[in-house]
Amino acid sequence: MDEASENAAEDDGSRTMTVEIRGVLRRHPWVGQVSVDHDLDEDVYSLAVKRAAAYGWSSAYLGPALGGRRWEHAGAGGDWSQDGAVRQLGRLTVYPAVDLSGQRLPVLPMTQVLVDALGRVGEVRFTGLGSRVPVGLAPDSGFDLRGDADWFALSDPAARTDIAVSVSPQSAVGAEQLAVEVARLSQGHVRLSPSSGPLTLQGTAPEWTPQAAAWITEIVIDVLRAKGVRTDAEITVALPTE
């Protein structure tokens, strides 16, 4: 395949991205009875589809295409075992839209859909966010990501939390350079330093929420994009003990 064909393959709508939430789910004690009463059989996929449609980000409707859609659904799942162990509670895989100029990869929207879906059936102790993203589809988002820093500057100072960040596969970006660029784009609110492993870092974030983890993930995506990465990357933002 020549370079032009490779670039076309990278930029078409056939590439998927996945976001997953890890943690511990304690189901609401009344969910089973309500499901029986209303003949419900809800799971991660059905709840994610419904929630994405409510936000206007995607739709499973077979009529006219949804204008401004952010993605087409590819799959979803999750482990809701009630044993108190950390599980992959929700996973959403999509085909991100490639015809919306300037739109960031939908890491935060996908995260929010999963948060809403899981919160509908139980209480979640969130331990980590994992993403597999086609970096080659990401636009330059530095301006907006730096603006997002003001949002997280409003975090309670007592909410600052230790985190671990890992990226694979290895790229042209070293751990020290990644830490510097994350600090720059976050306006100093995310403080990382290299840890064990080629692209593993530890540090602190202004708060520990799925939304903050999504923001940090997007910052890492933008750093990789700026350094010329075009392949898929797996990015994990988690508690150090996760």
Side-chain angles (χ1 to χ4, degrees), residues 17-58 60 70-71 73-94 106-133 148 151-166 189-190 202-218 234-242:
M17 64 177 287
T18 298
V19 170
E20 65 178 49
I21 286 181
R22 295 185 61 81
V24 179
L25 175 71
R26 185 174 67 182
R27 294 188 63 165
H28 296 312
W30 41 262
V31 166
Q33 187 59 54
V34 168
S35 297
V36 171
D37 293 345
H38 298 279
D39 193 24
L40 301 176
D41 187 22
E42 300 296 327
D43 57 14
V44 174
Y45 185 78
S46 64
L47 291 170
V49 167
K50 293 177 176 69
R51 205 60 182 154
Y55 283 119
W57 291 328
S58 188
R70 298 298 306 278
W71 65 75
H73 291 287
D79 184 347
W80 292 354
S81 298
Q82 297 295 286
D83 56 4
V86 172
R87 303 281 184 177
Q88 184 196 80
L89 302 179
R91 180 191 72 257
L92 179 61
T93 300
V94 306
V107 177
L108 178 57
M110 292 171 66
T111 299
Q112 193 61 53
V113 163
L114 289 172
V115 167
D116 288 359
L118 294 170
R120 205 64 184 159
V121 298
E123 296 180 0
V124 173
R125 178 168 65 84
F126 172 61
T127 65
L129 185 76
S131 305
R132 187 175 190 274
V133 297
D148 288 342
W151 178 273
F152 292 101
L154 290 171
S155 301
D156 181 347
R160 180 162 286 277
T161 305
D162 291 340
I163 62 168
V165 177
S166 63
H189 294 295
V190 181
Q202 290 192 334
T204 63
E207 64 183 46
W208 182 241
T209 59
Q211 293 79 11
W215 175 53
I216 295 167
T217 298
E218 289 197 70
E234 295 185 6
I235 302 166
T236 301
V237 181
L239 296 175
T241 55
E242 199 273 317

List the steps, then state whether side-chain contact (heavy atoms from CB on, under 4.5 Å) holds for Thr209 with Phe126.
CA-CA 7 Å; Thr209 59; Phe126 172 61; 5.8 Å; no
With side-chain contact (heavy atoms from CB on, under 4.5 Å) as the criterion, how do Met17 and Val94 come out once you've worked through the C-alpha distance, each side chain's angles and the decisive distance to 0.1 Å?
CA-CA 6 Å; Met17 64 177 287; Val94 306; 3.7 Å; yes
Run Val190 and Val165 through side-chain contact (heavy atoms from CB on, under 4.5 Å) and show every step you take.
CA-CA 11 Å; Val190 181; Val165 177; over 6 Å; no
side-chain contact (heavy atoms from CB on, under 4.5 Å) between Leu25 and Val121, intermediate numbers included:
CA-CA 9 Å; Leu25 175 71; Val121 298; 4.3 Å; yes
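In plain terms, the two heavy atoms of Val44 and Leu89 that are nearest each other are CG2-O, 3.7 Å. The shortest heavy-atom contact between Glu207 and Phe152 is OE2-CE2, 3.6 Å. Residues Ala117 and Ala48 approach most closely at CB-N, 4.4 Å, considering heavy atoms.
The CZ atom of Arg27 sits 13.5 Å away from atom CZ of Arg120, with the distance rounded to the nearest 0.5 Å. Remark: Leu92 CG to Leu47 CG distance equals 11.5 Å, nearest 0.5 Å. To the nearest 0.5 angstrom, Trp151 atom CH2 is 14.0 Å from His189 atom NE2. A distance of 12.0 Å separates CG of Leu108 from CH2 of Trp215, quoted to the nearest 0.5 Å.
Under the 4.0 Å criterion applied to side-chain N and carboxylate O atoms, Glu42 and Lys50 are assigned as salt-bridge partners.
Side chain of Thr127 to main chain of Arg22: a donor-acceptor pair is present (N/O by atom type, distance under 3.5 Å, no hydrogens or angles). Under the 3.5 Å distance criterion, the side-chain polar atoms of Thr236 are left unmatched by any main-chain donor or acceptor of Glu234.
For the side-chain hydrogen bond (donor to acceptor under 3.5 Å, both in side chains) test with Glu20, the passing option among Arg132, Arg91, Gln88 is Gln88; the others fail.
Aromatic ring orientation, His73 versus Trp71: perpendicular (interplanar angle above 60°, classes split at 30° and 60°).
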